[in-house]
Amino acid sequence: MKITALVENQSNCDLKPTHGLSLYIETKKHKLLFDLGPDRILFENARKKGIRLEEVDTAVISHGHMDHGGALGHFLEINRKAKIYVQRKAFDPHYSKFLWFSIPVGLNSKWKESGQIVLLDGDYTVDEELQLFVVPETGKCFSPANGKLFSKNGRDNFLHEHNLLISEKEKVLIMGCGHAGVVNILEKVKDEKPGYCIGGYHLMNPIFGKMVPEILLGDIAAELEKYPGMHFYTCHCTGKRAYEYLRSRVTDMNYLSCGETLTIGEA
């Protein structure tokens with residue numbers, strides 16, 4: 001399995017960074033995109049890496065925020081075959097509140113009717129390799145950085161967010177923003193015993209860059225250490241300061257930046 005970050009907040013190479021996420025994943029059965037980033041930077045970066053997005057057969061949009069699905073329209077223009085798995089609620093209106101302003105951050109609902117879109121209402125098994133799941137229970141280590149995010153019915157409950165479990169020789173958990181909380185997400189699939197946990201933890205305010213309280217980071221670190229042997233790769237909305245703290249407390253905590261490729265198992 002190979003996982004390449006095509007869109008991410010930081011870059012140490014010639015790929016362009018931006019606030020968002022898109023991971024290109026090659027498995028035994030699939031050429032997969034997990035999230036699409038906010039705009040056409042995805043396609044520019046894919047060309048630089050020699051990745052042909054028109055050959056992608058499966059895409060997942062992790063939740064209904066534009067920094068993860070803003071490029072959907074252009075992706076549909078260049079790829080006419082991929083099934084794109086999205087929670088139905090992801091196309092509802094979503095907002096970020098700043099002072100007295102409500103700023104739309106949702107997906108363009110006009111793409112909801114595309115024949116390539118597969119609308120889901122909760123957990124879903126794509127095949128023996130790919131499973132999608134939501135996390136309704138968010139009681140442990142929930143990030144206060146979620147407090148400014150709203151849906152049409154009030155404060156967001158993130159039931160429009162799903163996560164991906166890939167099962168090959170190694171099992172790999174992929175998250176987008178992990179709004180439900182990395183601790184709660186891991187707990188949902190702990191019986192599957194994934195060896196890798198990859199994705200954002202939403203531990204900073206994206207407008208001000210403010211990190212969540214250090215006491216919460218300590219609690220998260222203590223929970224993650226309950227998974228001995230787990231390889232953690234975080235990115236995007238975790239924030240650099242929060243990542244540095246977690247790296248100092250959690251065994252095998254790494255950062256996956258734009259342009260980097262992680263190879264898991266046999267090459």
Side-chain angles (χ1 to χ4, degrees), residues 1-27 30-63 65-79 81-82 84-86 105 107-108 111 163-164 166 172-178 182 196-207 209 231-244 246-247 252-265 267:
M1 190 187 312
K2 288 186 178 181
I3 302 171
T4 300
L6 290 180
V7 176
E8 207 278 318
N9 297 39
Q10 302 180 58
S11 176
N12 299 313
C13 63
D14 64 337
L15 270 64
K16 185 181 294 185
T18 192
H19 180 82
L21 185 67
S22 181
L23 304 177
Y24 174 73
I25 304 170
E26 290 189 355
T27 69
H30 295 287
K31 292 182 177 179
L32 166 75
L33 266 186
F34 184 90
D35 284 337
L36 306 176
D39 52 33
R40 294 189 178 218
I41 285 176
L42 165 65
F43 310 97
E44 177 183 333
N45 285 347
R47 283 193 296 272
K48 289 179 180 178
K49 294 293 288 186
I51 292 172
R52 296 175 58 83
L53 296 182
E54 61 269 29
E55 295 179 359
V56 166
D57 59 80
T58 304
V60 173
I61 297 178
S62 64
H63 62 292
H65 291 166
M66 65 178 299
D67 53 331
H68 294 257
L72 175 57
H74 188 52
F75 179 73
L76 289 168
E77 291 175 6
I78 69 164
N79 185 307
K81 70 176 184 178
I84 304 164
Y85 295 90
V86 193
V105 296
L107 304 177
N108 189 332
W111 304 120
N163 310 278
L164 174 65
I166 306 175
V172 178
L173 169 62
I174 308 286
M175 308 179 302
C177 274
V182 59
Y196 289 77
C197 175
I198 301 168
Y201 298 170
H202 203 68
L203 297 176
M204 70 165 182
N205 182 307
I207 297 176
H231 306 286
F232 293 98
Y233 286 82
T234 195
C235 55
H236 177 43
C237 54
T238 299
K240 196 65 175 175
R241 288 177 58 217
Y243 161 68
E244 294 292 351
L246 292 174
R247 188 180 68 163
D252 205 356
M253 174 65 69
N254 308 279
Y255 198 95
L256 185 65
S257 63
C258 189
E260 292 183 336
T261 298
L262 174 63
T263 301
I264 298 171

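Since the model is a prediction, treat every value here as computed from it, not as a measurement.
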*Within a strict 4.5 Å, meaning less than it, do heavy atoms of the Met175 and Val182 side chains meet?*
yes
*Heavy atoms, side chains only, cut-off 4.5 Å: are Leu72 and Ile84 in contact?*
yes
*For Cys235 and Leu21, run side chain to side chain contact (heavy atoms under 4.5 Å, CB included): C-alpha distance rounded to whole Å, both residues' side-chain angles, the deciding distance at 0.1 Å, then the answer.*
CA-CA 8 Å; Cys235 55; Leu21 185 67; 3.8 Å; yes
*Angle class for the His63/His68 ring planes (parallel below 30°, perpendicular above 60°, tilted otherwise)?*
tilted
*Pair Asp35, Ser62: side-chain N/O donor-acceptor within cut-off below 3.5 Å*: yes
*Close side-chain approach of Ile51 and Leu6, heavy atoms under 4.5 Å*: yes
*Would you call Glu244 and Arg247 a salt bridge, taking side-chain N to carboxylate O under 4.0 Å as the test?*
yes
_Residue pair Ile166 / Ile25, side-chain heavy-atom distance below 4.5 Å_ = yes
*Thr238 side-chain N/O to Leu203 backbone N/O, donor-acceptor pair under 3.5 Å*: no
*Start with the C-alpha distance between Leu15 and Val7, add both sets of side-chain angles, then the distance that settles side chain to side chain contact (heavy atoms under 4.5 Å, CB included), and finish with yes or no.*
CA-CA 9 Å; Leu15 270 64; Val7 176; over 6 Å; no
*Leu32 and its side-chain contact (heavy atoms from CB on, under 4.5 Å) partner, picked from Leu164, Leu23, Asp57, Ile174*: Leu164
_To the closest 0.5 Å, what do you measure between CD1 (Ile41) and OG (Ser22)?_
11.5 Å
_For His231, ring pair (Phe, Tyr, Trp, His ring centres under 6.0 Å) partners two or more places apart_ = Tyr196
*Hey, is the main chain of Gly70 close enough, under 3.5 Å, to the side chain of Asn108 for a donor-acceptor pair?*
no
*Charged N to carboxylate O below 4.0 Å: is that the case for Lys2 and Glu26?*
no
*Report yes or no: do His236 and Asp67 form a side-chain donor-acceptor pair below 3.5 Å?*
yes
*Between Arg40 and Glu44, is the closest basic N to carboxylate O distance under 4.0 Å?*
no
*Report yes if some heavy atom in the side chain of Asp252 is under 4.5 Å from a heavy atom in the side chain of Phe232; otherwise report no.*
no
*Might you work through the side chain to side chain contact (heavy atoms under 4.5 Å, CB included) test for Thr58 and Tyr85, ending with a clear yes or no?*
CA-CA 8 Å; Thr58 304; Tyr85 295 90; 3.8 Å; yes
*asked:* Side chains of Cys13 and Lys48, heavy atoms from C-beta outward: is any pair under 4.5 Å?
replied: no
*Mark yes when over 12 heavy atoms from residues, nucleotides or ligands other than Met66 sit less than 6.0 Å from its CE; otherwise mark no.*
no
*Given side chains that start at C-beta, do those of Phe75 and Val56 come closer than 4.5 Å, heavy atoms only?*
yes
*Any donor-acceptor pair under 3.5 Å linking the side chain of Asn45 with the backbone of Lys16?*
yes
*Any side-chain heavy-atom pair from Glu77 and Phe43 closer than 4.5 angstrom?*
no
*Rounded to the nearest 0.5 Å, how far does CG of Asn12 lie from OH of Tyr255?*
9.5 Å
*asked:* Leu42 vs Leu53, test: side chain to side chain contact (heavy atoms under 4.5 Å, CB included). Steps then yes/no.
replied: CA-CA 9 Å; Leu42 165 65; Leu53 296 182; 3.8 Å; yes
*Polar contact flag, side-chain donor to acceptor under 3.5 angstrom, Glu260-Tyr233*: no
*Do the side chain of Thr234 and the main chain of Gly199 share a donor and acceptor less than 3.5 angstrom apart?*
yes
